[in-house]
Amino acid sequence: SLRKLAKELHISVLTIARAYSELADEGLVENVQGKGTFVCTPKLCRDLRDINSFHECCRMQGVTPGTRLIHAQLSHADERTQRELELPDDRVVEIERVRTADGVPVMLETNSFPLAYSDLLQADLSQSLYAVLEGRGITPKRGIHEISLHYATNAQARLLEVDSGQALLLLREVVFDQHGRPLHTSYQLIRGDRFTFRI
């Protein structure tokens with residue numbers, strides 16, 4: 001309790017309450033009515049000014065990244081993706097994965113690549129795609145980002161271990177390589193309670 005802490009630390013209850021309030025504002029603790037104050041699970045933070053892989057983002061923050069492959073296949077792109085990737089037709093290499101941080105699902109990610117990257121279908125997709133690409137001399141250099149709100153479908157909720165209809169962050173990206181060529185599009189459904197962005 002606030003009183004017990006104040007007594008143990010020899011400071012006023014008001015000072016303890018102010019400290020709790022500041023910690024809550026920073027997202028480090030949460031107050032549950034009638035139950036008390038609890039430490040929050042830290043959120044991953046990605047700086048959208050940098051093009052970093054999910055693996056690299058996790059490692060920089062001391063979190064163990066993980067990946068579960070849903071599918072890797074040739075697929076048909078919608079008109080927008082076809083235009084963004086400057087494709088001659090609608091065929092793409094599509095890779096859908098659940099990304100985890102310390103074993104907790106935080107993101108459902110679908111990447112679409114031009115057919116020139118069809119060898120990715122034979123790659124180890126449990127690791128960073130960007131590491132695989134850099135092994136081929138391809139470096140993701142910049143991206144165009146759109147962030148919006150999406151409500152989890154039943155299937156998405158199961159994969160992300162959230163309630164159906166829960167609000168998710170939707171990050172849509174077009175990523176370009178070191179030569180300025182479109183490399184891939186990315187459609188990421190992200191748990192806002194586990195992930196945040198810096199712009």
Side-chain angles (χ1 to χ4, degrees), residues 44 46-60 63-101 105-161 168-191 194-195 197 199:
L44 285 169
R46 177 181 165 200
D47 193 328
L48 289 180
R49 294 168 295 185
D50 300 322
I51 301 296
N52 291 324
S53 71
F54 178 79
H55 274 71
E56 188 178 352
C57 179
C58 285
R59 289 194 183 106
M60 286 190 297
V63 174
T64 302
T67 301
R68 182 159 59 92
L69 180 66
I70 305 301
H71 67 248
Q73 62 192 24
L74 296 180
S75 188
H76 297 280
D78 59 25
E79 288 184 13
R80 180 178 177 182
T81 299
Q82 188 176 342
R83 185 174 62 252
E84 289 169 337
L85 292 179
E86 300 174 5
L87 302 175
D89 56 41
D90 68 347
R91 293 177 301 161
V92 290
V93 175
E94 184 179 273
I95 300 168
E96 184 175 25
R97 304 181 297 172
V98 174
R99 316 307 299 277
T100 63
V106 296
M107 178 190 306
L108 177 59
E109 171 189 79
T110 305
N111 292 310
S112 296
F113 289 85
L115 286 183
Y117 295 93
S118 59
D119 59 317
L120 288 174
L121 297 175
Q122 282 74 50
D124 176 7
L125 299 175
S126 66
Q127 62 175 311
S128 166
L129 274 175
Y130 285 1
V132 173
L133 291 167
E134 286 178 3
R136 295 179 45 173
I138 305 295
T139 305
K141 269 306 201 188
R142 71 177 183 90
I144 298 172
H145 316 283
E146 291 179 8
I147 301 174
S148 58
L149 195 61
H150 175 85
Y151 296 97
T153 64
N154 290 336
Q156 293 162 351
R158 280 194 302 274
L159 292 169
L160 290 173
E161 298 178 8
L168 302 170
L169 294 171
L170 168 56
L171 175 64
R172 197 177 191 291
E173 296 179 298
V174 183
V175 177
F176 299 84
D177 67 15
Q178 72 268 35
H179 306 295
R181 296 181 298 231
L183 177 58
H184 73 91
T185 60
S186 184
Y187 184 92
Q188 300 168 16
L189 295 175
I190 300 161
R191 288 180 53 172
R194 298 283 181 172
F195 210 101
F197 296 105
I199 300 174

Q. For Gln122, does the CD atom have more than 12 heavy-atom neighbours from other residues, nucleotides or ligands under 6.0 Å away?
A. yes
Q: Considering non-hydrogen atoms only, spot the tightest contact between Gln156 and Tyr151 and give its length.
A: OE1-O, 4.1 Å
Q | Trace of the side-chain contact (heavy atoms from CB on, under 4.5 Å) decision for Arg191 with Leu168 | A | CA-CA 5 Å; Arg191 288 180 53 172; Leu168 302 170; 4.2 Å; yes
Q) Which atom names give the shortest non-hydrogen contact between Gln82 and Ala77, and what distance separates them? A) N-CB, 4.2 Å
(Q) Looking at every heavy atom in both Leu85 and Ser112, which two are closest together, and how far apart are they? (A) CD1-O, 3.6 Å
Q. Do the non-hydrogen side-chain atoms of Leu74 and Leu115 ever get within less than 4.5 Å of each other?
A. yes
**Q.** Euclidean distance, Phe113 CZ relative to Leu121 CG, rounded to 0.5 Å
**A.** 10.5 Å
Q.
Can you tell me how far apart CG (Leu169) and CE (Met107) are? Round to the nearest 0.5 Å.
A. 10.0 Å
Q: For the residue pair Leu87 and Pro114, establish whether any side-chain heavy-atom pair is separated by less than 4.5 Å.
A: yes
Q: State, to 0.1 Å, how close Leu129 and Asn111 come at their nearest heavy-atom pair, and which atoms those are.
A: CD1-ND2, 3.5 Å
Q: For Glu109, enumerate each residue passing the salt bridge (Lys or Arg N to Asp or Glu O under 4.0 Å) test, keeping only those at least two apart in sequence or located in another chain.
A: Arg97, Arg99
Q: Just grab all the side-chain hydrogen bond (donor to acceptor under 3.5 Å, both in side chains) pairs involving residues 85-94, residues at least two apart or on different chains.
A: His71-Glu94, His76-Asp90, Asp89-Arg91
Q) Would a 4.5 Å heavy-atom cut-off, applied to side chains only, mark Leu125 and Thr67 as touching? A) no
Q | Any Arg172 side-chain heavy atom under 4.5 Å of Thr81 side chain | A | yes
Q) Shortest non-hydrogen contact from Pro140 to Ile138? A) CD-O, 3.8 Å
Q.
Out of the candidates Tyr117, Phe176, Tyr130, only one should pair with His184 under the ring pair (Phe, Tyr, Trp, His ring centres under 6.0 Å) rule; please name it.
A. Tyr130
Q) Can you tell me if Glu96 uses its side chain to pair, donor with acceptor, with the backbone of Gln73 under 3.5 Å? A) no
(Q) Within this structure, what is the CD1-CD distance for the pair Ile147 and Glu173, rounded to the nearest 0.5 Å? (A) 9.0 Å
(Q) Using salt bridge (charged side-chain N to carboxylate O under 4.0 Å, His left out), reason through Arg68 and Glu161 one step at a time and then give a plain yes or no. (A) CA-CA 13 Å; Arg68 182 159 59 92; Glu161 298 178 8; over 6 Å; no
(Q) So Ile70 and Val98, do their side chains get closer than 4.5 Å, heavy atoms only? (A) yes
Q) Rounded to the nearest 0.5 Å, what separation is found between the OG1 atom of Thr185 and the CD atom of Glu84? A) 6.5 Å
Q.
In the structure I gave you, are the side-chain heavy atoms of Leu133 and Leu183 within less than 4.5 Å of one another anywhere?
A. yes
Q. So which heavy atom on Ile190 is nearest to which on Leu171, and how close?
A. CD1-CB, 4.0 Å
